[in-house]
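The next block holds one structure in the form of structure tokens; read it before the comments.
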Amino acid sequence: EAYRQRRLEEQARQSADKSIFSSEGIENQDLVRAIEEGNRYIEAVRRANDAIPGEEISEKLYRLETLIRKIFEVLKPEQLPKLRKFMQYYMPTTLKLVQTYQELDTQPAAGENIQQSKAEIEKTLDTINLAYEKLLDSFFEDAAIDIKSDITVLETMLAQEGLTKNPFDTESGSERR
């Protein structure tokens with residue numbers, strides 16, 4: 001029953017996802033190619049996830065798929081150099097691990113080597129998901145710096161106009177004369 005429910009949820013998610021992640025209207029061809037490659041990886045992870053019945057691994061693969069999608073949704077042309085190693089090494093290696101897990105999962109007899117390899121891949125997926133989260137967060141680093149700068153300027157201007165306490169004034173109001 002849980003497997004059937006997961007399949008229904010996956011079908012609904014797939015139809016919703018198709019309209020979300022697109023390179024339409026993007027003029028930078030390098031960015032278009034990166035997005036299209038990201039789509040191929042997402043589809044490959046999704047196909048592997050559909051073939052693997054385990055709940056725990058599926059949750060990790062759903063998370064992986066979501067992170068890859070988010071990375072490419074927020075990607076800007078100036079961030080492409082930062083993404084090169086991710087696309088040339090991390091994503092292909094991650095996909096290889098996922099597909100190996102899928103292959104191991106289809107074996108009729110799960111001996112010690114198969115069980116150990118699957119457990120190692122599951123553990124590694126946790127590490128991969130954390131790394132992908134950090135990569136996604138790093139894309140917002142410039143925005144965070146801009147926000148801090150804007151806030152500092154705004155606070156300074158408000159203080160200069162006497163609308164707030166001057167942040168550079170170290171004396172308290174009771175010590176002034």
Salt bridge [X]-[Y], side-chain N to carboxylate O under 4.0 Å:
X	Y	answer
R33	D30	yes
K60	E56	yes
K123	E120	no
R40	E43	no

How far apart are the closest heavy atoms of [X] and [Y], and which atoms are they?
X	Y	answer
L80	A34	CD2-CB, 3.8 Å
I57	I52	CG2-CG2, 3.3 Å
I68	G38	CG2-O, 4.3 Å
A44	Q99	CB-NE2, 4.4 Å

Does [X], at its [atom1] atom, have more than 12 non-hydrogen atoms belonging to other residues, nucleotides or ligands within less than 6.0 Å?
X	atom1	value
E37	CD	yes
E112	CD	no
K85	NZ	no
F139	CZ	yes

Rounded distance (nearest 0.5 Å) linking atom [atom1] of [X] with atom [atom2] of [Y]:
X	Y	atom1	atom2	value
Q102	L97	CD	CG	13.0 Å
L135	I128	CG	CD1	13.0 Å
K134	N129	NZ	CG	13.0 Å
R63	S58	CZ	OG	15.5 Å
L61	T94	CG	OG1	10.5 Å
L64	N49	CG	CG	9.0 Å

Cluster question for you: counting only ILVMFWY and a side-chain heavy-atom cut-off of under 4.5 Å, with indirect links fine, are [X] and [Y] together?
X	Y	result
Y89	L95	yes
L158	I147	no
F140	L130	no
V74	M91	yes

### Task
Any chance you could lay out the side-chain contact (heavy atoms from CB on, under 4.5 Å) test for L67 and E133, step after step, and finish with the verdict?
CA-CA 7 Å; L67 288 167; E133 285 174 13; 3.5 Å; yes

### Query
Hey, what's the ring geometry for F86 with F72, parallel, tilted or perpendicular (30° and 60° as the breaks)?
tilted

### Task
Say whether, by atom type as modelled, one donor and one acceptor occur between the side chain of T106 and the main chain of E103 under 3.5 angstrom.
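Yes, because the side chain of T106 sits within donor-acceptor range (under 3.5 Å) of the backbone of E103.
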
### Task
Would you confirm whether K118, through its side chain, and A110, through its main-chain N or O, come within 3.5 Å as a donor-acceptor pair?
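Checked: no pair found.
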
#### Entry: Note, D126 side chain near E122 side chain (heavy atom, < 4.5 Å)
no

#### Entry: Heavy-atom side-chain proximity of S117 to Y101 below 4.5 angstrom
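Side-chain contact under 4.5 Å: no.
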
### Query
Yes or no on side-chain contact (heavy atoms from CB on, under 4.5 Å) for I114 and D105, after CA distance, side-chain angles and deciding distance?
CA-CA 8 Å; I114 290 175; D105 202 53; over 6 Å; no

